Trainee: 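Before I ask anything, let me first share the structure, which is written out below as structure tokens.
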Amino acid sequence: MKNSITLVRFLVATNLVLIGFVIFVGLTSFGRSGTISDFTEINVERINVLGENGKPIMVISNKKRIPGPSMNGKSYSRDVIDGRKYFSGILFFNELGDEVGGLIYTGIKKDSIHYSAVGHLSFDQWKQNQVLALDYNDNGKNHSSGLRIWDRPTNAPLNNQLDLLEALVLAKGSSVKSDSIRRIMSAAQSNGEYGVERMFIGSKDDIAQIQLKDKNGKIKARLFVDNGGEARLEFMNEKGEVTGAFPK
């Protein structure tokens with residue numbers, strides 16, 4: 001009996017020592033809150049950088065874990081933004097939790113010839129969509145890279161559009177609901193609620209150019225250098241017809 005009691009005490013003592021050792025290793029390996037740890041290299045799928053209120057102000061993620069958009073305290077599925085699930089990168093958020101831009105990229109090989117490559121750095125207007133972006137787009141047939149500028153409304157918050165996009169995703173399979181939502185979105189676009197691109201500076205299909213657009217997004221002036229190396233300035237009307245050019 002004495003031997004059994006002694007054995008039990010020995011096992012209990014041994015377990016306590018092991019538990020204490022595990023706790024010690026855990027605390028010293030990961031550090032206490034507020035301490036700084038140095039790493040030479042880490043492997044990770046997603047990192048959330050938190051603000052003082054505990055909300056993410058920056059998210060670094062692969063495409064598998066990249067979040068959907070967020071606005072006014074609501075987080076949306078990434079399916080709301082067409083193609084977001086294909087992108088890895090960094091997303092920016094303000095202290096309210098609203099997404100305010102990001103750096104995203106992807107490269108997809110579709111077959112032996114076709115592919116899709118995108119690089120995109122953008123910054124958003126307050127409670128709205130992007131107003132400044134550096135873009136690279138290439139699908140094997142057409143390619144462009146440059147600076148893009150948008151005008152966005154100040155009286156139509158982005159969450160209105162996000163709510164409609166969310167409803168469109170949920171209505172998948174119902175053509176009646178989908179068509180109704182698309183009509184509402186088309187009307188909002190026509191009313192200027194989504195904003196419009198006003199300027200492009202860059203290269204499209206090997207043509208270096210500057211495009212200036214009106215409030216409807218139509219090109220009104222274009223300065224470019226053609227494939228022959230000649231510079232040209234063109235002015236267009238509402239139909240896109242050239243009404244003036246230099247040199248003629």
Side-chain angles (χ1 to χ4, degrees), residues 69 81-84 86-92 99-158 161 165 182-183 185-248:
I81 303 298
D82 187 33
R84 160 110 14 141
Y86 299 112
F87 288 90
S88 301
I90 307 172
L91 298 182
F92 310 139
E99 184 180 324
V100 293
L103 168 63
I104 56 176
Y105 52 89
T106 188
I108 302 172
K109 189 170 184 179
K110 299 180 178 179
D111 52 42
S112 60
I113 300 176
H114 303 94
Y115 61 88
S116 177
V118 177
H120 179 86
L121 170 64
S122 65
F123 300 93
D124 299 350
Q125 179 177 299
W126 175 259
K127 298 294 183 181
Q128 249 294 336
N129 211 335
Q130 59 196 17
V131 289
L132 172 67
L134 288 175
D135 253 345
Y136 160 66
N137 285 275
D138 187 353
N139 62 12
K141 293 183 178 180
N142 304 104
H143 55 274
S144 67
S145 58
L147 172 69
R148 301 170 66 189
I149 304 292
W150 290 262
D151 279 344
R152 303 289 186 184
T154 57
N155 59 351
L158 181 62
Q161 182 181 4
L165 289 170
R182 288 192 177 93
R183 284 195 294 270
M185 295 180 67
S186 178
Q189 177 69 58
S190 299
N191 292 333
E193 295 182 23
Y194 298 162
V196 65
E197 184 177 330
R198 297 300 304 274
M199 182 171 67
F200 172 83
I201 303 175
S203 176
K204 291 189 175 183
D205 296 328
D206 302 324
I207 302 294
Q209 58 192 282
I210 298 175
Q211 298 178 357
L212 300 178
K213 304 179 181 182
D214 64 15
K215 291 187 175 181
N216 294 316
K218 295 182 179 180
I219 299 174
K220 286 304 184 69
R222 181 172 179 247
L223 173 64
F224 65 97
V225 178
D226 62 24
N227 287 325
E230 299 296 325
R232 183 175 176 84
L233 175 61
E234 296 179 341
F235 300 94
M236 277 76 79
N237 59 19
E238 292 292 326
K239 297 180 181 179
E241 300 168 336
V242 178
T243 58
F246 179 82
K248 294 184 178 180

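What you are looking at is a predicted structure, and each value in this text was computed from that prediction instead of being measured. Positions are given from 1 along the sequence.
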Trainee: With sequence neighbours excluded, tell me which residues meet side chain to side chain donor-acceptor pair (under 3.5 Å) with Tyr86.
Mentor: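 Not a single residue meets the side chain to side chain donor-acceptor pair (under 3.5 Å) criterion with Tyr86.
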Trainee: Could you give the distance from CG (Asn129) to CZ (Arg152), rounded to the nearest 0.5 Å?
Mentor: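 Here the interatomic distance stands at 4.5 Å.
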Trainee: Which heavy-atom pair separates Gly192 from Pro153 by the least distance, and what is that distance?
Mentor: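 Where Gly192 meets Pro153 most closely, the heavy atoms are O-CG, 3.6 Å.
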Trainee: Using a 3.5 Å cut-off and no angle test, enumerate the donor-acceptor pairs between side-chain atoms of residues 238-248 and protein atoms at least two apart in sequence or in another chain.
Mentor:
from: Glu238; atom 1: OE2; to: Lys220; atom 2: NZ; distance (Å): 3.0
from: Glu241; atom 1: OE1; to: Asn237; atom 2: ND2; distance (Å): 2.9
from: Thr243; atom 1: OG1; to: Phe235; atom 2: O; distance (Å): 3.3

Trainee: Are any non-hydrogen side-chain atoms of Glu99 and Ile81 less than 4.5 angstrom apart?
Mentor: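 No - every pair of side-chain heavy atoms lies 4.5 Å or more apart.
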Trainee: Could you give all pairs that pass the salt bridge (Lys or Arg N to Asp or Glu O under 4.0 Å) test and reach residues 101-124, with sequence neighbours left out?
Mentor: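 Counting only pairs at least two positions apart or across chains, no salt bridge (Lys or Arg N to Asp or Glu O under 4.0 Å) contact touches residues 101-124.
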Trainee: Might you point out which heavy atoms bring Asn216 and Asp214 nearest each other, and give the distance in Å?
Mentor: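 For Asn216 and Asp214, the tightest heavy-atom pair comes out as N-OD1, 2.9 Å.
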Trainee: Could you go step by step and tell me if Leu91 and Ile104 meet the side chain to side chain contact (heavy atoms under 4.5 Å, CB included) rule?
Mentor: CA-CA 8 Å; Leu91 298 182; Ile104 56 176; 4.0 Å; yes
Trainee: Taking Ser190 for its side chain and Ser186 for its backbone only, find out whether a donor-acceptor pair lies under 3.5 Å.
Mentor: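 Yes; judged by distance alone, with no hydrogens or angles, the pair exists.
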Trainee: State, to 0.1 Å, how close Gln209 and Ile207 come at their nearest heavy-atom pair, and which atoms those are.
Mentor: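 Scanning both residues completely, I find the closest heavy atoms to be NE2-O, 3.0 Å.
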Trainee: Sequence neighbours excluded, which residues qualify as side chain to side chain donor-acceptor pair (under 3.5 Å) partners of Asn191?
Mentor: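 In terms of side chain to side chain donor-acceptor pair (under 3.5 Å), with neighbours along the sequence ignored, Asn191 is linked to no residue.
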Trainee: Please name the pair of heavy atoms, one in Tyr194 and one in Gln189, separated by the smallest distance, quoted to 0.1 Å.
Mentor: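 Closest approach of Tyr194 to Gln189: CD1-OE1, 3.2 Å.
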Trainee: Kindly compute the distance separating CD1 (Ile210) from CZ (Arg222), expressed to the nearest 0.5 Å.
Mentor: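 CZ of Arg222 is found 11.5 Å from CD1 of Ile210.
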Trainee: Taking salt bridge (Lys or Arg N to Asp or Glu O under 4.0 Å) as the cut-off, I'd like each qualifying pair that reaches into residues 196-208, sequence neighbours left out, listed once.
Mentor: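 Listed once each, the pairs are Arg148-Glu197, Asp151-Arg198, Glu197-Lys213.
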Trainee: About how many Å separate CG of Leu223 and CG of Leu212, when rounded to the nearest 0.5 Å?
Mentor: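 Reported to 0.5 Å precision, the distance equals 9.0 Å.
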Trainee: Got a second to check how far Thr106's OG1 is from Tyr115's OH, nearest 0.5 Å?
Mentor: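 So the OG1 of Thr106 and the OH of Tyr115 are separated by 13.5 Å.
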Trainee: Which pair of non-hydrogen atoms, one from Gln128 and one from Pro157, has the smallest distance, and what is that distance?
Mentor: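 For Gln128 versus Pro157, the nearest heavy atoms are NE2-C, 4.1 Å.
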Trainee: Between Ile149 and Val131, is a side chain to side chain contact (heavy atoms under 4.5 Å, CB included) present by the stated rule, with each step listed?
Mentor: CA-CA 5 Å; Ile149 304 292; Val131 289; 6.0 Å; no
Trainee: Can you tell me how far apart CG (Asn139) and CD1 (Ile108) are? Round to the nearest 0.5 Å.
Mentor: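 The CD1 atom of Ile108 is 12.0 Å from CG of Asn139, to the nearest 0.5 Å.
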Trainee: Side chain to side chain donor-acceptor pair (under 3.5 Å): which pairs involve residues 224-234, sequence neighbours left out?
Mentor: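 Qualifying pairs: Arg232-Glu234.
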Trainee: Show your working on side chain to side chain contact (heavy atoms under 4.5 Å, CB included) between Asp135 and Gln130 and close with a plain yes or no.
Mentor: CA-CA 12 Å; Asp135 253 345; Gln130 59 196 17; 5.6 Å; no
Trainee: Quick one: closest heavy-atom pair of Leu121 and Phe92, and the distance?
Mentor: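 Scanning both residues completely, I find the closest heavy atoms to be CD1-CE1, 4.3 Å.
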